[in-house]
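So that the names make sense, note that chain A is the first sequence line, chain B the second, and so on, each numbered from 1. Computed over heavy atoms, backbone and side chain alike; hydrogens, waters and symmetry mates excluded. Just so it is clear, the model here is predicted, and its values are computed rather than measured.
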Amino acid sequence: MPELPEVEVVRRGLATHVEGRRLVGVELRGHRVARRHVAGPEDLASRLAGRRVAAVRRRGKYLWWDLEDGVGLILHLGMSGQLLVEDPALPDEKHLHARFSFEGGGPELRFVDQRTFGGLALTDLGHDGVPLTIAHIAPDPLEDAYDRAAVVRRMKGKDSAVKRVLLDQTVVSGIGNIYADEALWRAQVHGERPASALTKPRLGTLLDHATEVMREALGEGGTSFDALYVNVNGASGYFDRSLAAYGQEGRPCRRCGTPIRREQFMNRSSFSCPRCQPRPRRVRAAGSARA
DNA sequence: CCCCCACCCTGTCCGC
DNA sequence: TGCGGACAGGGTGGGG
């Protein structure tokens with residue numbers, strides 16, 4: 001489940017079920033789920049057995065288990081990954097890729113992923129406790145390490161479209177296509193405006209809207225349009241009812257009544273209000289004004 | 001550095 | 001019913 005709120009919902013569910021428990025068995029199906037684990041699935045499974053899950057952590061859309069001794073298991077959901085706590089007697093899902101069982105018995109944990117864009121990998125943790133392989137991912141707005149002023153400065157220095165910058169996980173993490181569109185709608189900014197063309201207070205406000213909308217979504221259990229996006233118990237969130245822009249093509253804008261438009265941007269759909277979020281008149285590279 | 005594209009996969013929906 | 005195409009919340013790597 002893609003964006004920060006949905007991943008945080010999963011993190012919380014996982015924390016309840018696996019924190020402090022010891023892995024007794026790990027079964028991996030196929031090689032794709034562990035493709036980012038260079039040593040291969042057998043190595044991954046054997047190195048996991050017997051380890052204790054000290055904590056379940058998250059940065060942006062990435063989850064990982066702190067397995068002590070400076071080692072972590074990254075669990076990334078990609079577009080369609082699910083982590084499900086289930087009775088071992090239940091039949092296997094069609095796209096079951098991994099099964100974890102824990103000391104003391106009880107329900108098992110399954111990694112199910114229709115498209116297999118997600119996956120598992122064992123990696124060393126850095127001094128800050130973050131896996132080395134995701135050191136390029138910036139802190140997300142719900143972390144202590146999040147430096148709002150630094151992110152604003154970074155955004156201000158970019159001539160790229162502001163939506164592209166919001167989606168750049170090396171600038172600020174956790175924001176995906178839904179919450180980027182919602183933040184832009186709240187801030188009344190068109191996503192194709194160059195970030196550098198917005199004032200720092202405006203960029204700060206935009207970031208705060210992104211933070212706030214993700215907090216609200218978390219409070220509703222995340223956004224679920226279909227059964228693909230569920231928590232560890234298979235339940236959906238309700239934030240889809242609160243979306244003002246994403247997926248609302250043709251529906252009246254909640255502010256001004258103008259029908260929400262849909263445009264293509266970065267090979268995906270963008271939703272915005274034509275009146276509240278006018279397109280930039282002209283997108284011009286910085287420096288092109290020099291005579 | 002920046003941007004665009006292809007790619008990694010499967011499923012659903014819509015028009016013909 | 002079938003078929004082709006578009007589309008879906010993710011990220012990475014290569015080439016220009």
Side-chain angles (χ1 to χ4, degrees), chain A residues 1-10 29-38 58-64 74-83 93-97 111-121 131 133-138 140 154-155 157-183 191-192 194-196 210 213-214 217-218 220-231 236-240 242-243 245-249 262-271 283-288:
Chain A
M1 343 216 321
E3 308 185 43
L4 185 154
E6 294 76 36
V7 178
E8 175 61 15
V9 165
V10 172
R29 296 260 181 96
H31 63 284
R32 278 184 292 138
V33 71
R35 68 191 180 284
R36 306 205 76 85
H37 183 78
V38 240
R58 181 189 57 74
R59 165 163 283 185
K61 304 165 192 171
Y62 281 88
L63 288 169
W64 70 92
I74 291 185
L75 307 107
H76 192 258
L77 302 174
M79 288 284 269
S80 54
Q82 300 175 319
L83 285 162
E93 287 78 3
K94 183 173 180 187
H95 300 292
L96 173 69
H97 295 288
F111 181 76
V112 176
D113 189 350
Q114 179 184 103
R115 298 171 73 178
T116 331
F117 286 179
L120 313 172
T133 51
I134 61 163
H136 61 293
I137 303 294
D140 67 61
R154 185 94 189 275
M155 294 178 77
K158 287 181 176 287
D159 295 326
S160 301
V162 68
K163 180 170 177 182
R164 183 185 298 281
V165 179
L166 279 180
L167 293 174
D168 184 342
Q169 307 295 301
T170 69
V171 174
V172 56
S173 68
I175 304 170
N177 207 30
I178 294 179
Y179 300 112
D181 278 2
E182 293 302 305
E192 289 183 50
S196 57
V213 72
M214 292 196 293
L218 180 56
E220 299 292 321
T223 300
S224 311
F225 299 125
D226 55 43
L228 225 46
Y229 302 95
V230 293
N231 66 18
S236 293
Y238 297 100
F239 195 71
D240 60 312
S242 305
L243 295 175
Y246 188 88
Q248 306 302 305
E249 183 183 19
R262 173 184 182 150
E263 297 171 298
Q264 289 301 118
F265 177 66
M266 291 173 72
N267 287 324
R268 37 206 337 200
S269 292
S270 285
F271 300 88
V283 179
R284 192 182 49 159
S288 68

| task | Mind checking Arg164(A) for me? I need base, sugar-phosphate or nothing, with any heavy atom below 4.0 Å counting as a touch. | result | sugar-phosphate

| request: Using a heavy-atom cut-off of under 4.0 Å over every strand shown, decide if Tyr62(A) touches base, sugar-phosphate, or nothing. | output: sugar-phosphate

Quick one: [X] [atom1] to [N] [atom2], roughly how many Å, whole number?
X: Asp168(A); N: dC1(B); atom1: CG; atom2: P; answer: 12 Å
X: Ile175(A); N: dG9(C); atom1: CD1; atom2: P; answer: 15 Å
X: His76(A); N: dG9(C); atom1: NE2; atom2: C1'; answer: 11 Å
X: Met214(A); N: dG9(C); atom1: CE; atom2: C1'; answer: 13 Å
X: Met266(A); N: dG11(C); atom1: CE; atom2: C1'; answer: 11 Å
X: Ile74(A); N: dG10(C); atom1: CD1; atom2: P; answer: 18 Å
X: Arg59(A); N: dG10(C); atom1: CZ; atom2: C1'; answer: 18 Å
X: Leu167(A); N: dC2(B); atom1: CG; atom2: C1'; answer: 16 Å

For the [atom1] atom of [X] and the [atom2] atom of [Y], what is their distance to the nearest 0.5 Å?
X: Ile175(A); Y: Leu4(A); atom1: CD1; atom2: CG; value: 8.5 Å
X: Asp113(A); Y: Leu75(A); atom1: CG; atom2: CG; value: 11.5 Å
X: Lys61(A); Y: Met79(A); atom1: NZ; atom2: CE; value: 9.5 Å

| Hey, what's the ring geometry for Phe271(A) with Tyr246(A), parallel, tilted or perpendicular (30° and 60° as the breaks)? | perpendicular

| query | Where does DNA chain B form stems of at least three consecutive Watson-Crick or G-U wobble pairs, each pair having both distances below 3.5 Å? | reply | B:2-8 with C:10-16, B:10-16 with C:2-8

Under 3.5 Å, which N/O atoms of the protein pair with N/O atoms of nucleotides 4-7 of chain C?
from, atom 1, to, atom 2, distance (Å)
dC7(C), O3', Arg262(A), NH2, 3.4

According to a strict under-4.0 Å criterion, is [X] in side-chain N/O contact with OP1 or OP2 of [N]?
X: Tyr179(A); N: dG9(C); answer: no
X: Ser80(A); N: dC9(B); answer: no
X: His136(A); N: dT12(C); answer: yes
X: Arg36(A); N: dC8(B); answer: no

Among [options], find the nucleotide with the atom closest to the side chain of [X].
X: Asn177(A); options: dC2(B), dC4(B), dG9(C); result: dG9(C)
X: Gln169(A); options: dG9(C), dG11(C), dC3(B); result: dG11(C)
X: Tyr246(A); options: dT12(C), dC3(B), dA8(C); result: dA8(C)
X: Arg115(A); options: dG10(C), dA8(C), dG11(C); result: dA8(C)

| request: Dump the intermediate steps for side chain to side chain contact (heavy atoms under 4.5 Å, CB included) on Lys158(A) and Val171(A), then the final yes or no. | output: CA-CA 11 Å; Lys158(A) 287 181 176 287; Val171(A) 174; 3.8 Å; yes

Polar atom pairs between nucleotides 11-15 of chain B and protein, under 3.5 Å, N or O only, would you list them?
from, atom 1, to, atom 2, distance (Å)
dG11(B), OP1, Lys94(A), NZ, 2.8
dG11(B), OP1, His95(A), NE2, 2.8
dG11(B), O4', Gln114(A), OE1, 3.2

| message | With the criterion set at under 5.5 Å between ring centres and under 30 degrees between planes, would dC8(B) be stacked on Phe117(A)? | response | yes

| Can you tell if the side chain of Met155(A) reaches within under 4.5 Å of the side chain of Leu166(A), non-hydrogen atoms only? | yes

| query | Step by step, would you call Ser269(A) with Arg262(A) a side-chain hydrogen bond (donor to acceptor under 3.5 Å, both in side chains)? | reply | CA-CA 6 Å; Ser269(A) 292; Arg262(A) 173 184 182 150; 3.0 Å; yes

| query | With distance as the sole criterion, do the side chain of Arg268(A) and the base of dA8(C) form a donor-acceptor contact below 3.5 Å? | reply | no

| Separation between the P atoms of dG5(C) and dC7(B), rounded to whole Å | 15 Å

| task | Would you check if the side chain of Glu3(A) reaches a backbone N or O of Met214(A) as a donor-acceptor pair within less than 3.5 Å? | result | no

| said: What I want to check is whether the side chains of Thr223(A) and Asp240(A) have a donor and an acceptor closer together than 3.5 Å. | reply: no

| note | DNA chain B nearest-nucleotide lookup for Asn267(A) and Lys158(A): closer to the 5′ end is Lys158(A)

